[in-house]
Peer 1: 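Here it is, the structure in full.
In this chain, residues are counted from 1 in sequence order. Any value given below was found using the heavy atoms of this structure, including those in side chains, with hydrogens, waters and symmetry copies removed.
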Amino acid sequence: MRVLGIESSCDETAAAVVDETGVAERPWIQRSSVIASQVAIHREWGGVVPELASRQHLRDICGVLDKALRDADTTWAGLDAVAVTQGPGLVGSLLVGLAVAKGLAVARGLPLVGVHHLAGHIESLVLQNGEMPLPAVVLVVSGGHTSLFRLDEPGRYALLGRTRDDAAGEAYDKVAKLLGLGYPGGPVIDRLAKSGNDRAIDLPMTRLTHPDRNQGPALALPVGFERALAGRTEFSFSGLKTAVLRHVKQRREQRGLDPHDARHPFSDAEIADICASFQRVVVTTLLDRTFEAASFSNARSIGIAGGVSANSRLRSDAQRRAERVGLPLFLPSLHLSTDNAAMIAAAGLRRLRAGHVSTLDLNADASLPI
Ligand code: KG4
Ligand code: ZN
């Protein structure tokens with residue numbers, strides 16, 4: 001089976017062609033993957049502007065689809081199904097991909113399958129590396145999400161915990177903004193942190209020991225797990241961002257600068273120290289919780305997916321920890337870590353093979369549960 005994937009949930013317009021291989025351990029192979037990034041448009045505003053994003057998806061989608069077919073050396077007649085991101089995401093952006101996918105499904109008489117964006121990120125690991133030994137614990141960490149899942153069987157994703165406020169990538173983006181480093185913040189902080197001292201600044205590592213009003217839906221914690229890991233499968237990054245902001249304000253005051261002056265008072269070396277200290281706290285928090293959940297789950301493998309999984313320290317620290325506990329670590333390639341449509345086609349294939357086909361009233365859902 002050959003599936004066309006379409007992804008437009010945020011600020012990347014993407015299309016890809018993925019084939020089944022017939023090999024159980026490595027079920028899919030990417031034939032093409034095209035991404036039109038809108039970063040240059042949103043950079044000017046310091047973050048994604050939803051209305052601009054939807055309009056740009058409309059401009060880009062046809063060219064992206066054409067190129068995905070050409071790169072895969074296939075035609076419309078060569079496709080067997082269409083998979084599309086249904087949610088979560090920006091509703092105007094999602095609607096562009098959905099409308100195109102439904103139009104294609106009708107015009108070509110193809111089955112249509114709606115895909116959860118985070119299922120796509122999880123299946124990017126399988127597309128890249130083959131099937132994960134189960135049970136697996138997978139962290140999906142991006143600009144919009146920081147969620148921990150347990151997989152007991154293929155295609156079933158049990159949510160163990162997620163962020164109560166900002167996603168980790170969002171914290172990178174906000175800290176970069178307040179240091180004047182531009183958008184998106186992750187890659188630049190990652191680069192600058194390499195020359196900094198990661199203990200230079202004392203930043204807090206948030207512990208969540210009590211329920212609060214951002215608790216979210218009931219979590220699928222296994223028996224015995226809930227009490228042992230209460231709050232330790234969840235994340236919070238807004239306090240860390242505020243701590244960096246407080247540090248900037250204090251330094252400004254200490255140096256007798258106008259507290260309302262938006263410019264920060266730091267040298268390049270001090271910026272590198274802030275980046276390294278911030279990154280140490282984010283990476284340690286993410287990995288402590290992921291590896292703890294894996295240990296309680298008796299996991300046979302660990303995965304990390306999503307835009308932040310491109311982070312060099314997260315990758316190397318995770319690899320070291322995985323070797324220490326003797327578990328295989330699954331990571332996507334850098335191309336598959338940020339939003340793309342190959343992962344949507346792969347997750348679509350998983351759903352199609354499990355017997356799911358969507359009807360033509362499939363609608364965008366900005367906060368679709370998994
Ligand atoms: O998965 P993605 O493309 O979009 C969402 O679904 O959110 O992730 C984008 C996020 C941004 O917040 C960006 O700053 C972050 O991933 N990111 C990184 C790195 N590369 C991208 N964060 C940390 N280190 C990186 N190297
Ligand atoms: Zn994403």
Peer 1: Under 4.5 Å between side-chain heavy atoms, hopping through other hydrophobics if needed: is there a path connecting L245 to V282?
Peer 2: yes

Peer 1: Are Y157 and W28 co-members of a hydrophobic cluster defined by side-chain heavy atoms under 4.5 Å apart?
Peer 2: yes

Peer 1: Should P27 and L349 count as side-chain neighbours, where that means a heavy-atom distance under 4.5 Å?
Peer 2: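 Sidechains of L349 and P27: no contact.
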
Peer 1: Going by distance alone, is a donor N or O of one side chain under 3.5 Å from an acceptor N or O of the other, for H117 and D339?
Peer 2: yes

Peer 1: Under 3.5 Å, is there a donor-acceptor pair between the side chain of N129 and the main chain of L331?
Peer 2: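 Side chain of N129 to backbone of L331, a donor-acceptor pair under 3.5 Å: yes, one is there.
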
Peer 1: Counting distance only, does the side-chain N/O of T290 pair as donor-acceptor with the main-chain N or O of L287 below 3.5 Å?
Peer 2: no

Peer 1: Check whether any side-chain N or O of H121 sits under 3.5 Å from a backbone N or O of V140 as a donor-acceptor pair, and report yes or no.
Peer 2: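 The answer is no, because no donor-acceptor pair under 3.5 Å joins these two groups.
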
Peer 1: Kindly say whether L148 contributes a backbone atom to a donor-acceptor pair with the side chain of R162 at under 3.5 angstrom?
Peer 2: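 Pair absent, no side-chain N/O of R162 close to backbone of L148.
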
Peer 1: With a sphere of 6.0 Å drawn around CZ of R313, does it hold more than 12 non-hydrogen atoms of other residues, nucleotides or ligands?
Peer 2: yes

Peer 1: How far apart are the closest heavy atoms of R280 and D198, and which atoms are they?
Peer 2: NE-O, 2.9 Å

Peer 1: Do S37 and D11 have side chains that approach each other closer than 4.5 Å (heavy atoms only, starting at C-beta)?
Peer 2: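 No, every pair of side-chain atoms sits at 4.5 Å or beyond.
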
Peer 1: Are L104 and W76 side-chain neighbours, meaning at least one heavy-atom pair lies under 4.5 Å?
Peer 2: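 A side-chain contact under 4.5 Å exists here.
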
Peer 1: With rounding to the nearest 0.5 angstrom, report the CD to CG distance, E323 to L329.
Peer 2: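 It is 9.0 Å, given to the nearest 0.5 Å.
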
Peer 1: Please name the pair of heavy atoms, one in K102 and one in L362, separated by the smallest distance, quoted to 0.1 Å.
Peer 2: NZ-O, 2.7 Å

Peer 1: Closer than 4.0 angstrom, basic N to acidic O: yes or no for R31 and D19?
Peer 2: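 Between D19 and R31 there is a salt bridge, with a charged N closer than 4.0 Å to a carboxylate O.
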
Peer 1: Cut-off 3.5 Å, side chains only: do S238 and D166 have a donor facing an acceptor?
Peer 2: no

Peer 1: For V115, is there any backbone N or O sitting under 3.5 Å from a side-chain donor or acceptor partner on Q86?
Peer 2: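 No; judged by distance alone, with no hydrogens or angles, the pair does not exist.
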
Peer 1: Less than 4.5 Å apart, any side-chain heavy atom of V3 and any of L79?
Peer 2: no

Peer 1: In the structure I gave you, are the side-chain heavy atoms of P88 and H116 within less than 4.5 Å of one another anywhere?
Peer 2: yes

Peer 1: Could you tell me which non-hydrogen atom of S301 sits nearest to which non-hydrogen atom of L327, and how far apart they are?
Peer 2: N-CD2, 4.2 Å

Peer 1: Do V357 and I6 sit in one hydrophobic cluster, given that two such residues count as connected whenever their side-chain heavy atoms are within less than 4.5 Å of each other, even indirectly?
Peer 2: no

Peer 1: To the nearest 0.5 Å, tell me how far S32 OG sits from L69 CG.
Peer 2: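 Atom-to-atom, S32:OG and L69:CG are 7.0 Å apart.
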
Peer 1: Just checking, is any N or O donor in the side chain of T13 or H57 under 3.5 Å from an acceptor N or O on the other one?
Peer 2: yes

Peer 1: For atom CD1 of I29, decide whether the heavy atoms of other residues, nucleotides or ligands shown that lie under 6.0 angstrom number more than 12.
Peer 2: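 For I29, atom CD1 is not crowded (no more than 12 foreign heavy atoms under 6.0 Å).
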
Peer 1: Would a single hydrophobic cluster contain both L4 and L94, if residues Ile, Leu, Val, Met, Phe, Trp and Tyr are joined by side-chain heavy-atom contacts under 4.5 Å?
Peer 2: no

Peer 1: Looking at Y183, is its backbone amide N or carbonyl O close enough to the side chain of R43 to form a donor-acceptor pair, meaning the two atoms are under 3.5 Å apart?
Peer 2: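 Such a contact is found between R43 side chain and Y183 backbone.
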
Peer 1: Can you tell me how far CG of D365 sits from OG1 of T85, rounded to the nearest 0.5 angstrom?
Peer 2: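 Rounded to the nearest 0.5 Å, the OG1-CG separation comes out at 12.5 Å.
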
Peer 1: Examine the side chains of E234 and S236 and answer whether a donor and an acceptor come within less than 3.5 Å of each other.
Peer 2: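 No, S236 and E234 have no side-chain donor paired with an acceptor closer than 3.5 Å.
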
Peer 1: Without swapping roles, check the side chain of T74 against the backbone of R70 for a donor-acceptor pair under 3.5 Å.
Peer 2: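 Here the side-chain-to-backbone pair does not exist.
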
Peer 1: Minimum heavy-atom separation for S277 to A200, with atom names?
Peer 2: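 Heavy-atom minimum between the residues: OG-N, 3.5 Å.
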
Peer 1: If you round to the nearest 0.5 Å, how far is CZ of R289 from OG1 of T146?
Peer 2: 11.0 Å

Peer 1: Using 4.0 Å as the upper bound for N to carboxylate O, is an ion pair formed by K249 and E253?
Peer 2: no

Peer 1: Using a strict cut-off of less than 4.0 Å between a Lys/Arg side-chain nitrogen and an Asp/Glu carboxylate oxygen, indicate whether R300 and E131 qualify as a salt bridge.
Peer 2: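 Looking at R300 and E131, the cut-off is not met.
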
Peer 1: Tell me yes or no: between the side chains of Y172 and Q279, is some donor less than 3.5 Å from an acceptor?
Peer 2: yes

Peer 1: Any side-chain heavy atom of L90 sitting closer than 4.5 Å to one from S9?
Peer 2: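 No. Closest side-chain heavy atoms not under 4.5 Å.
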
Peer 1: Distance check, rounded to the nearest 0.5 Å: T359 atom OG1 versus L112 atom CG?
Peer 2: 8.0 Å

Peer 1: Can you tell me how far apart CZ (F296) and CZ (F291) are? Round to the nearest 0.5 Å.
Peer 2: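 Between atom CZ of F296 and atom CZ of F291 there are 15.5 Å.
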
Peer 1: Is the number of heavy atoms from other residues, nucleotides or ligands within 6.0 Å of CZ (R156) greater than 12?
Peer 2: no

Peer 1: Out of curiosity, does I370 fall in the hydrophobic cluster containing L127 (side-chain heavy atoms, cut-off under 4.5 Å, transitive links)?
Peer 2: yes

Peer 1: Do side-chain atoms of D273 reach the backbone of N197 as a donor and acceptor pair under 3.5 angstrom?
Peer 2: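 A pair under 3.5 Å: yes.
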
Peer 1: Okay, side chain of E170, backbone of A167: is any donor-acceptor separation there less than 3.5 Å?
Peer 2: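 Looks like yes, one N/O pair under 3.5 Å.
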
Peer 1: If you look at every heavy atom in G5 and A341, which pair is closest and at what distance?
Peer 2: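 Looking at all heavy atoms of both residues, the closest pair is O-CB, 3.4 Å.
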
Peer 1: Given salt bridge (charged side-chain N to carboxylate O under 4.0 Å, His left out), test D288 with R321 step by step and report yes or no.
Peer 2: CA-CA 10 Å; D288 279 355; R321 288 194 193 207; 2.9 Å; yes

Peer 1: Is it true that R353 and E20 make a salt bridge, defined as a side-chain N closer than 4.0 Å to a carboxylate O?
Peer 2: yes

Peer 1: Are E270 and R255 ion-paired here, with the side-chain N under 4.0 Å from a carboxylate O?
Peer 2: yes

Peer 1: Please name the pair of heavy atoms, one in P204 and one in L240, separated by the smallest distance, quoted to 0.1 Å.
Peer 2: O-CD1, 3.9 Å

Peer 1: If you define the side chain from C-beta out and look only at heavy atoms, does anything of M343 sit under 4.5 Å from E123?
Peer 2: no

Peer 1: Taking NZ, NE, NH1 and NH2 as the nitrogens, is one of them in K67 or D60 under 4.0 Å from a carboxylate oxygen of the other?
Peer 2: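 Between D60 and K67 there is no salt bridge, as every charged N stays at least 4.0 Å from the carboxylate O atoms.
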
Peer 1: Do any N or O atoms from the side chain of R150 and from the backbone of A299 form a donor-acceptor pair under 3.5 angstrom?
Peer 2: no

Peer 1: Using distance alone, with no hydrogens and no angle criterion, decide if S33 and N340 have a side-chain donor and acceptor under 3.5 Å apart.
Peer 2: no

Peer 1: Please work out whether the ring planes of H247 and F266 are parallel, tilted or perpendicular, with thresholds of 30° and 60°.
Peer 2: parallel

Peer 1: Please determine whether side chain to side chain contact (heavy atoms under 4.5 Å, CB included) holds for the pair S295 and V325, giving the CA-CA distance in whole Å, both sets of side-chain angles, and the decisive distance to 0.1 Å.
Peer 2: CA-CA 9 Å; S295 156; V325 296; over 6 Å; no

